[in-house]
Amino acid sequence: QLQLVESGGGLVQPGGSLRLSCVASGFTSDYYAIAWFRQAPGKEREGVSCISASGDSTNYADSVKGRFTISRDDAKNTVYLQMNSLKPDDTAVYYCAEGIASMCPNDFAHFGSWGPGTHVTVSS
């Protein structure tokens, strides 16, 4: 079945940058939106960014707007999250997930096929 695998996480100082990748394998489709989520220990999971199946529509959580950029390369079955000006509050496990529709849903709802996550730590 479809598998999503995140990579690119690591330790970075405040103000630094990372680029996360989400690679799909197995049975795949270009019809569905892909979103990035994150969860810090003891905190609620939150949606970070979403990109539509066509790639022409994106949205971002207010906490990352202007700092993060989502993109997709369908030829490589990969979605990226470019993370700039990182803050300690960005520390979390980052997950990608596939939606059930071509457009990004309201409030990052109705996502499945989650990846295992990649750790991002922002600290001096």
Side-chain angles (χ1 to χ4, degrees):
Q1 295 185 2
L2 174 67
Q3 290 186 320
L4 302 175
V5 179
E6 304 91 342
S7 64
L11 174 64
V12 64
Q13 291 187 325
S17 298
L18 288 173
R19 188 178 73 164
L20 306 184
S21 298
C22 172
V23 179
S25 62
F27 297 100
T28 63
S29 174
D30 295 331
Y31 293 117
Y32 304 116
I34 298 289
W36 286 95
F37 296 79
R38 67 185 182 185
Q39 186 169 25
K43 298 186 66 177
E44 299 285 341
R45 184 183 66 196
E46 64 173 337
V48 176
S49 184
C50 181
I51 187 166
S52 65
S54 66
D56 63 355
S57 179
T58 61
N59 60 33
Y60 299 90
D62 288 341
S63 59
V64 307
K65 191 172 297 182
R67 299 187 297 119
F68 292 8
T69 302
I70 191 170
S71 62
R72 65 190 299 162
D73 185 343
D74 289 334
K76 298 180 178 180
N77 291 327
T78 302
V79 173
Y80 302 97
L81 185 68
Q82 179 66 47
M83 309 163 65
N84 298 327
S85 301
L86 284 163
K87 305 175 180 179
D89 286 347
D90 296 318
T91 296
V93 179
Y94 283 72
Y95 303 90
C96 62
E98 187 180 67
I100 61 172
S102 61
M103 299 298 295
C104 292
N106 293 331
D107 301 320
F108 295 91
H110 303 106
F111 284 86
S113 300
W114 294 79
T118 184
H119 291 256
V120 172
T121 302
V122 184
S123 175
S124 298

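Residue Ile34 shares its hydrophobic cluster (ILVMFWY side chains chained together at separations under 4.5 Å) with Val12, Leu18, Leu20, Trp36, Val48, Ile51, Tyr60, Val64, Phe68, Ile70, Val79, Leu81, Met83, Leu86, Tyr94, Val120, Val122.
In this structure, CZ in Arg38 is found 13.5 Å from CZ in Arg45, a value given to the nearest 0.5 Å. Within the model, atoms SG of Cys22 and CG of Leu4 stand 4.5 Å from one another, a figure rounded to the nearest 0.5 Å. To the nearest 0.5 angstrom, Cys104 atom SG is 14.0 Å from His110 atom NE2.
Within the 4.5 Å cutoff, the side chain of Ser71 has no heavy atoms near those of the Gln82 side chain. Within the 4.5 Å cutoff, side-chain heavy atoms of Phe108 are placed close to those of Asn59. You'll find the side chain of Cys50 reaches within 4.5 Å of the side chain of Phe111, heavy atoms only. Two residues are said to be in side-chain contact when any heavy atoms from C-beta on lie closer than 4.5 Å; Lys76 and Ser21 fail this criterion. In this structure the side chain of Ser102 never reaches within 4.5 angstrom of the side chain of Ser54, judged on heavy atoms.
Using the six-membered ring where Trp is involved, Trp114 and Phe37 have ring planes that are tilted, between 30° and 60° apart.
In terms of modelled atom types and a separation under 3.5 Å, the side chain of Arg72 and the main chain of Gly55 share no donor-acceptor contact. Checking side-chain atoms of Glu6 against main-chain N and O of Cys96 turns up a donor-acceptor pair under 3.5 Å.
The shortest heavy-atom contact between Gly117 and Val93 is CA-CG1, 3.9 Å. Of all heavy-atom pairs between Glu46 and Ser63, the closest is OE1-OG, 4.3 Å. Closest of all the heavy-atom pairs between Ser17 and Ser85 is OG-N, 4.3 Å.
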Worked verdict on Asp90 versus Lys87 for salt bridge (charged side-chain N to carboxylate O under 4.0 Å, His left out):
CA-CA 5 Å; Asp90 296 318; Lys87 305 175 180 179; over 6 Å; no
